[in-house]
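Below you'll find the structure, written out as structure tokens, and then a few comments.
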Number of protein chains: 2
Amino acid sequence: MTQTTRRAASPAASGKRMLSEQIYAYLRDAIMRGTYAPGEALKPQDLAKEQGVSLAVVREALVRVAGEGLADRLPNRGFAVPAYSDRRWQEIAEARRTIEPVVLRMSVERGDIDWEARVRAAHHRLSRTPAYGPEEPEAGVYYSAAWSEAHRVFHRTLLEGCGNPVLLETFDRMWTASELARRWSAHRDPGRAGADEHRRLEEAAVARDADAAAEVLSQHLTQTAAALTDDPAEGPVAGG
Amino acid sequence: MTQTTRRAASPAASGKRMLSEQIYAYLRDAIMRGTYAPGEALKPQDLAKEQGVSLAVVREALVRVAGEGLADRLPNRGFAVPAYSDRRWQEIAEARRTIEPVVLRMSVERGDIDWEARVRAAHHRLSRTPAYGPEEPEAGVYYSAAWSEAHRVFHRTLLEGCGNPVLLETFDRMWTASELARRWSAHRDPGRAGADEHRRLEEAAVARDADAAAEVLSQHLTQTAAALTDDPAEGPVAGG
DNA sequence: GGACAGAAAATAATCGATTATTTATCGAAT
DNA sequence: ATTCGATAAATAATCGATTATTTTCTGTCC
């Protein structure tokens with residue numbers, strides 16, 4: 001609490017030294033990592049004591065988290081980790097299948113050399129990052145944090161050629177929802193990632209084959225969804 | 001302040017009697033209506049005194065509003081009405097052109113009879129609602145609140161046949177951003193609405209002509225963007 | 001006359017405590 | 001034994017005040 005002129009307590013905290021920001025980041029990360037079970041109540045008092053801050057900052061962080069869809073809010077009943085149904089996950093997956101191929105097509109048509117280079121770099125990093133790090137095998141954690149981030153960056157980079165921040169914000173939102181829902185999906189598949197599809201995505205992108213890229217992405221997303229809904233043996237695809 | 005057991009102060013306030021909710025609704029409406037100039041600071045103290053509540057509730061409302069993109073937030077510098085550039089508006093318009101026709105196609109292919117009926121109802125209401133009500137001619141207000149709402153409902157209803165809440169949330173978000181950016185766009189066009197295009201949209205939808213519907217919507221959005229960027233004389237289209 | 005340092009004012013961020021609502025507990029009546 | 005109702009505990013929502021940061025207003029020095 002008494003943060004009298006505390007400077008850069010968190011690592012690499014250059015510009016933002018706002019207490020609520022830290023708590024927000026903590027909550028977001030904790031929920032995404034599966035620290036709290038779905039449906040579990042997020043009690044401001046417990047969090048405040050646990051994090052050593054006042055109720056106000058916890059509350060502000062919770063409001064932000066809820067605004068992003070990472071927490072449900074019931075009037076006079078507080079906040080809770082959202083309990084995504086399989087149906088919900090399918091809706092998110094369908095939304096991604098609907099939007100991302102179109103954006104990817106735009107990206108391939110517009111992206112410049114720098115974009116191509118970044119796609120190559122992102123794919124390289126993804127392909128060389130082990131999906132399962134030597135991390136502690138907590139419940140609900142299926143991929144290393146490094147791989148999850150590399151995965152996200154690759155998919156985002158693919159779309160960044162479109163040059164439209166609004167569309168990229170839409171991607172970010174859906175990716176977050178997708179990752180959260182996937183974590184708690186009933187039929188989650190801890191199988192290996194779709195490395196081959198990622199490779200084909202990269203190739204189609206730098207080859208400027210918009211149709212092929214869009215098609216591969218569409219299949220990739222479809223298989224991902226199928227792998228989580230049906231029997232895992234059917235589609236050994238895990239990536240998003 | 002002293003809200004000792006205040007019951008249903010606001011009209012039709014049945015379920016939600018949360019102070020922060022009211023302030024949130026007020027702020028959202030005020031910003032969308034253009035009550036505050038773009039770039040203007042939203043000072044919690046002033047708002048708190050003005051609305052008769054404490055800082056905490058104003059702060060919570062501001063955090064929510066900022067999360068929706070209806071306010072900018074600068075660390076240690078408070079909140080402010082976002083100052084959208086024309087470039088920003090074009091990005092939003094492009095995002096809508098990219099996504100909405102695809103969703104409309106899906107909607108036309110999936111919508112049931114009930115959806116058809118609601119499309120007809122929404123269009124009827126829109127076509128019979130005067131765009132310019134006898135409201136006080138405040139600065140920045142170009143359409144009556146009733147018409148704006150009917151307009152939004154019509155466009156949303158067109159897409160609701162898709163049956164995917166995630167895609168509809170995306171629409172809601174973009175519509176909000178679009179309306180806000182349009183209000184403060186440099187080249188705003190107070191001309192009459194694209195009533196004819198709305199009629200053609202309705203026809204194509206209930207006729208189950210997905211291609212035509214998507215094409216008309218794409219043109220509609222393109223013309224709307226063009227009308228605000230170029231000389232207003234070029235494209236006398238105002239609707240979204 | 002302009003730039004700079006320092007004090008003063010304004011505003012943002014945070015805190016501790018109060019009030020209101022919901023949830024849990026317990027006992028009486030059927 | 002179960003349901004209903006009142007009380008007690010827990011938790012959410014709100015408030016008033018405190019602390020920290022930024023901005024504004026000086027007056028001085030060059």
Side-chain angles (χ1 to χ4, degrees), chain A residues 1-10 13-27 31 36-37 39-67 70-82, chain B residues 1-10 13-27 31 36-37 39-67 70-82:
Chain A
M1 10 267 294
T2 161
Q3 85 292 12
T4 51
T5 319
R6 73 150 51 135
R7 62 195 63 193
S10 60
S14 55
K16 29 186 163 180
R17 49 174 68 99
M18 237 179 359
L19 218 36
S20 63
E21 180 75 19
Q22 295 176 233
I23 305 300
Y24 163 75
Y26 164 80
L27 275 175
I31 294 172
Y36 304 105
E40 184 176 346
L42 296 167
K43 304 181 184 179
Q45 280 189 338
D46 296 355
L47 289 167
K49 197 184 290 184
E50 179 184 323
Q51 297 295 319
V53 295
S54 77
L55 288 176
V57 302
V58 172
R59 183 157 264 273
E60 172 169 334
L62 282 171
V63 168
R64 286 182 61 186
V65 165
L70 270 69
D72 289 338
R73 183 175 192 184
L74 304 99
N76 283 324
R77 212 167 297 185
F79 303 84
V81 177
Chain B
M1 36 261 293
T2 161
Q3 85 292 13
T4 51
T5 319
R6 74 148 53 136
R7 62 196 63 192
S10 60
S14 56
K16 28 185 165 180
R17 48 173 65 105
M18 234 175 6
L19 218 39
S20 63
E21 179 74 21
Q22 296 176 233
I23 305 301
Y24 164 75
Y26 164 79
L27 275 175
I31 293 172
Y36 304 106
E40 184 175 346
L42 296 167
K43 304 182 183 177
Q45 282 190 336
D46 296 355
L47 289 168
K49 197 183 291 186
E50 179 182 323
Q51 297 295 318
V53 295
S54 76
L55 287 176
V57 304
V58 171
R59 183 157 263 273
E60 172 170 334
L62 282 169
V63 168
R64 287 182 60 188
V65 164
L70 270 67
D72 290 337
R73 182 176 192 182
L74 304 100
N76 283 325
R77 213 166 296 185
F79 303 84
V81 176

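What you see is a predicted model; the values in this text were computed from it and never measured. Atom set for the values below is all heavy atoms of this structure, side chains included, hydrogens, waters and symmetry mates excluded.
Across all non-hydrogen atoms, the minimal contact from A:L70 to A:I31 is O-CD1, 3.4 Å. The heavy-atom pair separating B:A61 from B:S20 by the smallest distance is CB-O, 4.0 Å.
The 5' end of DNA chain C is approached more closely, in terms of each residue's nearest nucleotide, by B:Q45 than by the other of A:L55 and B:Q45. Comparing A:E60 and B:K43 by the nucleotide of DNA chain C whose heavy atom lies nearest to each, the residue mapping closer to the 5' end is B:K43.
Between the P atom of C:dT11 and the CG atom of B:L42 lies a distance of 13 Å, rounded to the nearest Å. Following rounding to the nearest Å, B:D72 (CG) and C:dA12 (C1') show an atom-to-atom distance of 17 Å. When the P atom of D:dT14 is taken as reference, atom CG of B:L62 falls 14 Å away, rounded to whole Å. Taking atom CZ of residue B:R73 and atom C1' of nucleotide C:dT11, one finds them 13 Å apart after rounding to whole Å. In this entry the distance linking CZ of B:R64 with P of D:dA13 reads 11 Å, nearest Å. Residue A:K49 contributes atom NZ, which lies 15 Å from atom P of C:dC15 at whole-angstrom precision. Look at CE on B:M18: it is 7 Å from P on D:dT14, rounded to the nearest Å. Regarding A:E21, its CD atom lies at a distance of 10 Å from the P atom of C:dT14, rounded to whole Å.
Taking only side-chain atoms of A:L19, from C-beta outward, the nucleotide of C:dC15, C:dT22, D:dT14 with the closest atom is C:dC15. The side chain of A:R77 lies closest to C:dT23, out of D:dT14, C:dT23, D:dT23. Of the candidate nucleotides C:dA12, C:dC15, D:dA13, C:dA12 has the atom lying nearest to any side-chain atom of B:R59. Distances were taken from every side-chain heavy atom of B:V57 (C-beta onward) to each of D:dA13, D:dT14, C:dA13; the shortest belongs to D:dT14.
For the atom pair NZ (A:K49) and CG (A:L55), the distance works out to 10.5 Å, reported to the nearest 0.5 Å. Note that the CD1 atom of A:I23 and the CZ atom of A:R64 stand 11.5 Å from one another [nearest 0.5 Å]. Atom CZ of A:R73 and atom CD of B:E21 lie 8.0 Å apart (nearest 0.5 Å).
For A:S20, a side-chain nitrogen or oxygen approaches OP1 or OP2 of C:dT14 to under 4.0 Å.
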